[in-house]
Amino acid sequence: MADVQEVEVVVAHHECATLRVGDVFLKIDADQARTDVEVGAMAMAPIPTPEVLWRKPPVLALAAVGGTALARLGEPSTASPAAWAAAGAAARMLHDAPLPPWPGRSPGEIASHLDGECEWLIANGVLPADLVTRNRRVAEAALRPWTPAFTHGDLQVAHVFVDGDEITGVIDWTEAGQGDALFDLACLTLGHQEHLDDVVAGYGTDVDRDVIRAWWSLRSLQAVRWLVEHGFDPSAPGCEVDVLRSQL
């Protein structure tokens with residue numbers, strides 16, 4: 001690292017920051033509980049994850065994974081259908097693994113948080129009330145009892161790396177825990193609904209697509225406020241607001 005001439009800021013906001021220095025990612029997080037989850041989940045996951053090089057709180061050093069991101073939200077994916085299927089297969093392998101010891105949120109807890117987010121979106125005029133209300137109804141289908149699985153918790157396309165048709169690594173495990181397997185599949189296909197068939201084919205079992213669509217609405221509704229408050233634009237083409245509109 002002493003020979004590196006450039007430091008890239010991958011993401012930065014008031015909670016945490018990620019820097020790339022050569023082939024090393026430095027994650028700086030004020031909340032070490034999130035880092036505990038990430039390190040623990042990567043150690044347990046049966047799929048490729050970044051190598052932990054060292055940890056000196058509040059910094060976690062991870063080796064870069066090979067390949068490129070499966071896609072980016074708001075951009076067309078150049079990955080093959082086989083690569084999307086491989087992502088589905090990796091998700092299935094994770095979901096079949098033994099559960100991590102820490103619990104996830106219940107449907108009731110998620111519903112309560114969702115209602116608060118919807119109220120904020122309407123009260124602050126961030127989104128039209130009818131758009132929020134109709135997506136809240138769609139989201140209801142996700143809020144049913146589920147059998148807990150080992151979930152990544154933020155399995156968005158930018159966190160899944162591929163080389164050709166093979167998965168080279170899955171990054172950013174801070175939200176991992178016990179959860180609904182279909183939430184991971186929804187995160188993976190959010191904004192890339194055209195690849196749902198490929199993901200399900202790789203997953204290898206029938207899934208309730210109405211529940212996945214419900215999670216698209218729920219995740220998008222919950223994400224808008226966080227994105228706005230952290231300097232991101234959820235209304236960019238193909239991103240969360242477009243996902244909400246596509247659900248109507």
Side-chain angles (χ1 to χ4, degrees), residues 8-21 24-65 69-73 87 90-91 93-95 97-106 109-110 113-114 117 148-161 167-191 215 218-232 234 239-240:
E8 175 190 356
V9 179
V10 178
V11 63
H13 49 77
H14 67 265
E15 294 177 1
C16 60
T18 301
L19 310 177
R20 179 165 189 164
V21 186
V24 177
F25 284 90
L26 301 178
K27 301 189 71 172
I28 306 164
D29 198 327
D31 184 354
Q32 285 300 289
R34 282 195 294 255
T35 307
D36 291 341
V37 167
E38 178 156 32
V39 172
M42 289 191 297
M44 295 180 62
I47 59 178
T49 64
E51 177 188 357
V52 177
L53 299 176
W54 48 264
R55 181 181 180 185
K56 297 179 181 179
V59 182
L60 174 67
L62 301 172
V65 299
L70 183 64
R72 298 286 179 184
L73 190 60
M93 187 177 295
L94 177 66
H95 297 159
L99 292 174
W102 54 93
R105 294 189 300 168
S106 70
E109 291 171 323
I110 294 171
H113 179 254
L114 175 62
E117 294 301 297
F150 185 171
T151 57
H152 179 277
D154 193 16
L155 196 64
Q156 55 178 290
V157 286
H159 292 164
V160 179
F161 281 70
I167 302 298
T168 56
V170 178
I171 66 171
D172 284 0
W173 291 80
T174 58
E175 301 298 323
Q178 300 181 26
D180 180 12
L182 297 189
F183 176 68
D184 271 355
L185 300 187
C187 290
L188 186 59
T189 53
L190 184 77
W215 277 121
L218 198 157
R219 179 175 172 85
S220 296
L221 287 169
Q222 287 191 322
V224 169
R225 179 178 182 177
W226 187 95
L227 292 167
V228 169
E229 292 182 344
H230 289 78
F232 301 101
C239 294
E240 284 78 6

So, do [X] and [Y] sit near enough that their side-chain heavy atoms are less than 4.5 Å apart?
| X | Y | value |
| --- | --- | --- |
| M42 | E51 | no |
| L190 | R219 | yes |
| H13 | E229 | no |
| L182 | W215 | yes |
| E240 | L227 | yes |
| L19 | F25 | no |
| R55 | D36 | yes |
| T35 | T174 | no |

Basic-acidic side-chain contact under 4.0 Å: D172, R34: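 So D172 does not pair with R34 through a salt bridge.
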R105 with D180: basic N within carboxylate O range, under 4.0 Å: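 Salt bridge absent between R105 and D180.
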If we ignore hydrogens and angles and just use 3.5 Å, is the side chain of [X] paired with the main-chain N or O of [Y] as donor and acceptor?
| X | Y | answer |
| --- | --- | --- |
| Q178 | P100 | yes |
| T168 | V65 | no |
| E38 | W173 | yes |
| D184 | G153 | yes |

L218/I110 under side chain to side chain contact (heavy atoms under 4.5 Å, CB included): CA gap, chis, key distance, verdict: CA-CA 9 Å; L218 198 157; I110 294 171; 3.9 Å; yes
Straight-line distance of L70 CG to L155 CG, nearest 0.5 Å: 9.0 Å
Steps toward side chain to side chain contact (heavy atoms under 4.5 Å, CB included) verdict (K27, L62): CA-CA 8 Å; K27 301 189 71 172; L62 301 172; 3.7 Å; yes
Aromatic plane relationship, H152 with H159 - under 30° parallel, 30 to 60° tilted, over 60° perpendicular: tilted
Flag if over 12 foreign heavy atoms under 6.0 Å of CE, M44: yes
